[in-house]
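Residue numbering restarts at 1 for every chain, and letters A, B, ... go by the order of the sequence lines. These values consider heavy atoms only, across backbone and side chains, with no hydrogens, waters or symmetry-generated copies.
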Amino acid sequence: MFLKFKDEVSSALSNAVADAGFEIDDMALEESPHADIASSVAFKLAPKYRRSPKEICGEVYKNIKIPPDSLIDRAEMTAPYINFFVSRNFLNETILRVLLERDFFGNLQHTGKVILEHTSANPDGPLHIGHIRNSVIGDTLARILKRAGHDVEAQYYINDMGRQIAVVVWGLLNFKFDKTRKKDHAIAEVYINANRSLVDEKEHSPEVDAIIKKYETGDAETVTKFRDAIDTAMDGIKESLKRMNIHHDAFIWESQFVRSGEVNRIVERIKKLNRAMIKEGALMVDLKDTGIEKPLVIQRSDGTTLYTTRDLAYHEWKSSNCDSMIDILGADHKLISSQLKAVLRILGMKEPEIVIFEFVSLPEGSMSTRRGVFISADEVLDQVEKAAYEEVNKRRPDTDEEFKKKVAKMVGIGAVRYDIVRVSPEKATTFDWKEALDFEKQGAPFIQYSHARACSIIKNAQDEGIVYENFDTNLLVEEEEVALIKKLAIFENVIDSAAHELKPNIVAIYARELADAFNQFYRYVPVISAEPDFRAARLALVECSRIVLANALDTLGIEAPESM
RNA sequence: GGGCUCGUAGUAUAGUCCGGACAGUACAUGGGCCUCCGGAGCCUAUGACCCGGGUUCAAAUCCCGGCGAGCCCGCCA
């Protein structure tokens, strides 16, 4: 509805600009506290025609014609700005469309298949709070793109050929695997012990190298060992992901590209490039002309491949299966991903869009699975759910145990996801237990609470036998009602921007603003106690709010409780 | 040393790509609000664009130079 309004404004304005005898493509539409949409097009025209913005504004304004039955109510001039306002028709249509489209309200008609790769943590231990920033950003983006209409496939790329996995395999031969612990945590313990031992006793290092070689050549017994170790770690990782509502459609092992010969084919293609060179037996490509000074190594002098080489093959495979690719990567991958893109471009292949997120560190410094310095996602979730349980217990002492546990889970996971996704990915953050466990802040619980409130009103109405099949949306005229309806209407615009800009935090902010608008309505406009005609219209508005709050929460991967 | 990213009230952030109307919000700190649909709520006050230049009618936003923080610069991943 809002996008249509925006189109109407754009065409009314461009007609007016043309009729006034000016020429410009950009209508300079912007959000504004003074209007539903504002235009500063007069500023853009001023230098071109060497006249004052105010004069130009007046001439454009005179020529604005608003068609009948438009979603535009009127245009006002506050020179040099032109402000547009939505019509009653717009508000009424919004209510009807939300009620008609329900769960699908806000969905768009974008097309194309997208492969979105996220998380892809090495299977050498549990997910920690740095990894889940990747997971939450990735999973939320996948949900946004789905709503926007794309066919989305979320992939987890398993790095099974790296040295760290060989260390795990070697560790499992030499250290105790604690069966009483969650599998990924037990793997981490082995990994940490193995690393310590490899540092202390250098003579074991060749044993690990031998394991890597055997795996790369496909030695059956070694392959089984790797498979077992990785499956064990992945079982634990998958459990944590499931707990956070994070979904993957496919798990892709990097070794498959070596076994299938695709990596070799890439190497052969690169060898033929003019920019390829052999230095001390290793194959490299020169990327100076792309602004990257260091040559990129494609193949080691012993003939084995590197992570990047396999990643090239992975991306080639992905691009043949989709229209566009998105990779969610940590800030440490900035250079390597630009190298990857450069080589893909040189080979004439499709490039992925990369979403980089900055690091999550601990107050004492950066995390490391290898050194055992990290806070696991499981640990955070456990603590947050515990805190949430105490909160529910305090607020709803009369409810049963099952209810309290269910709500604690929804609130806890919601709080964690929301806290991660509300911040722009390019901001580095520091994890703080005190903040993570603080529910006083306006976050997911605030939005969930608003949803529960809406549900409660609807339930009370039903209990009293109030129905609202017939209602007149024209009765929704209070300031808070109009503001709320406008908020509902822009949901599709929010999805559109978030999908184009690949910014999940736009949806997070919107959800909070919508809850805000609903709470203001709730405070000032009585529903159940209103006169029957008003009551019916307002109940319809409450139902619309409930639906859009639920849709926004769903897009964020957060559950919407009916009661909490 | 070179490259990339970030720097907005006491704290955490939106806005920066694409320059425009009083820099939006939350927590914290003051004041208020339940005879009323759930107070995990609502209203209200205080308070910020790292520094210095430049471009522009207009700069948090663009350019140059500092300062500070993080990340990267391996035949690791």
**Request:** Give me the residues of residues 516-525 of chain A where at least one heavy atom lies under 4.0 Å from an atom of RNA chain B, by number, or none.
**Result:** Asp516(A), Asn519(A), Gln520(A), Tyr522(A), Arg523(A), Tyr524(A), Val525(A)
**Asked** Is Glu562(A) salt-bridged to Lys459(A), going by a charged N under 4.0 Å from an acidic O?
**Response** no
**Integer angstrom distance from the C1' of G54(B) to that of A69(B)** = 26 Å
**Request:** State whether Arg163(A) places a side-chain N or O below 4.0 Å from either non-bridging phosphate oxygen (OP1 or OP2) of A77(B).
**Result:** no
**Prompt:** Could you give the CD1-to-C1' distance, from Ile356(A) to G70(B), as a whole number of Å?
**Reply:** 14 Å
**Donor-acceptor pair (no angle test) under 3.5 Å: His333(A) side chain, C71(B) base** = no
**Message:** Work out how far the P atom of G19(B) is from that of C42(B), and round it to whole angstrom.
**Reply:** 35 Å
**Asked** Is the base of A21(B) touched by the side chain of Ser32(A) through a donor-acceptor pair closer than 3.5 angstrom?
**Response** yes
**Request:** Could you pull out all residues at least two apart from Lys341(A) that satisfy side chain to side chain contact (heavy atoms under 4.5 Å, CB included)?
**Result:** Arg345(A), Glu351(A), Pro352(A), Ile354(A)
**Prompt:** What nucleotide among G39(B), U13(B), C72(B) has an atom nearest to a side-chain atom of Thr429(A)?
**Reply:** U13(B)
**Prompt:** With no hydrogens and no angle check, is any side-chain donor or acceptor of His500(A) less than 3.5 Å from a backbone partner on Ser497(A)?
**Reply:** no
**Prompt:** So what does Gln448(A) touch, heavy atoms closer than 4.0 Å: a base, only the sugar-phosphate, or nothing?
**Reply:** nothing
**Message:** Taking the C1' atom in each of C27(B) and A40(B), what is the distance between them to the nearest angstrom?
**Reply:** 14 Å
**Prompt:** In terms of side-chain geometry, is the basic nitrogen of Lys334(A) or Glu358(A) positioned less than 4.0 Å from the acidic oxygen of its partner?
**Reply:** yes
**Message:** Walk me through whether Thr309(A) and Gln299(A) qualify under side-chain hydrogen bond (donor to acceptor under 3.5 Å, both in side chains).
**Reply:** CA-CA 7 Å; Thr309(A) 322; Gln299(A) 191 177 36; over 6 Å; no
**Prompt:** Who passes side chain to side chain contact (heavy atoms under 4.5 Å, CB included) against Asp36(A), sequence neighbours left out?
**Reply:** Phe5(A), Phe85(A), Val86(A), Lys486(A)
**Message:** Classify Lys334(A) by what it touches in the nucleic acid, base, sugar-phosphate, or nothing, heavy-atom distance under 4.0 Å.
**Reply:** base
**Heavy-atom closest contact (Lys44(A) atom, Ile24(A) atom, distance)** = CB-CD1, 3.4 Å
**Prompt:** Going by heavy atoms in the side chains, are Arg396(A) and Ser563(A) under 4.5 Å from each other?
**Reply:** yes
**Request:** With C1' as the reference atom in both, quote the distance from G10(B) to C64(B) in angstrom, rounded to an integer.
**Result:** 33 Å
**Per-nucleotide pairing state of RNA chain B [Watson-Crick or G-U, under 3.5 Å; [ ] pseudoknot-crossing; | other strand]** = (((((((..((((......[...)))).(((((.......)))))....(((((..]....))))))))))))....
**Item:** Short side-chain to backbone donor-acceptor contact, Ser39(A) and Met27(A), under 3.5 Å
**Value:** yes
**Message:** Please report the distance separating the P of C50(B) from the corresponding atom of C43(B), rounded so that it comes out in whole Å.
**Reply:** 29 Å
**Asked** Any donor-acceptor pair under 3.5 Å between the side chain of Asp311(A) and the base of A77(B)?
**Response** no
**Complete:** Sorted by chain and residue number, the side chain to side chain contact (heavy atoms under 4.5 Å, CB included) partners of Ser456(A) (sequence neighbours excluded) come out as Asn460(A)
**Request:** Write down the distance between OH (Tyr215(A)) and P (A77(B)), rounded to a whole number of angstrom.
**Result:** 14 Å
**Prompt:** Which ones in residues 526-540 of chain A lie close to RNA chain B, meaning a heavy atom under 4.0 Å from one of its atoms?
**Reply:** Pro526(A), Val527(A), Ile528(A)
**Prompt:** Is a donor-acceptor contact shorter than 3.5 angstrom present between the side chain of Ser563(A) and the base of G38(B)?
**Reply:** yes
**Arg453(A) charged N/C atom sitting above Tyr522(A) aromatic ring, 6.0 Å / 45°** = yes
**Request:** Sort out for me which residue in Leu484(A), Val482(A), Leu476(A), Asp516(A) forms a side chain to side chain contact (heavy atoms under 4.5 Å, CB included) with Phe521(A).
**Result:** Leu484(A)
**Request:** Indicate syn or anti for C27(B), taking the glycosidic torsion and treating anything within 90° of 0 as syn.
**Result:** anti
**Item:** A12(B) versus G39(B) - spacing of their P atoms, nearest Å
**Value:** 32 Å
**Prompt:** What is the distance, rounded to the nearest whole Å, between atom CD1 of Ile278(A) and atom P of C75(B)?
**Reply:** 14 Å
**Asked** In whole Å, what separates the C1' atom of G3(B) from that of G41(B)?
**Response** 49 Å
**Request:** Would you tell me if any nitrogen or oxygen in the side chain of Lys427(A) comes within less than 4.0 Å of OP1 or OP2 on G70(B)?
**Result:** no
**Distance-only donor-acceptor check, side chains His333(A) and Asp327(A), under 3.5 Å** = no
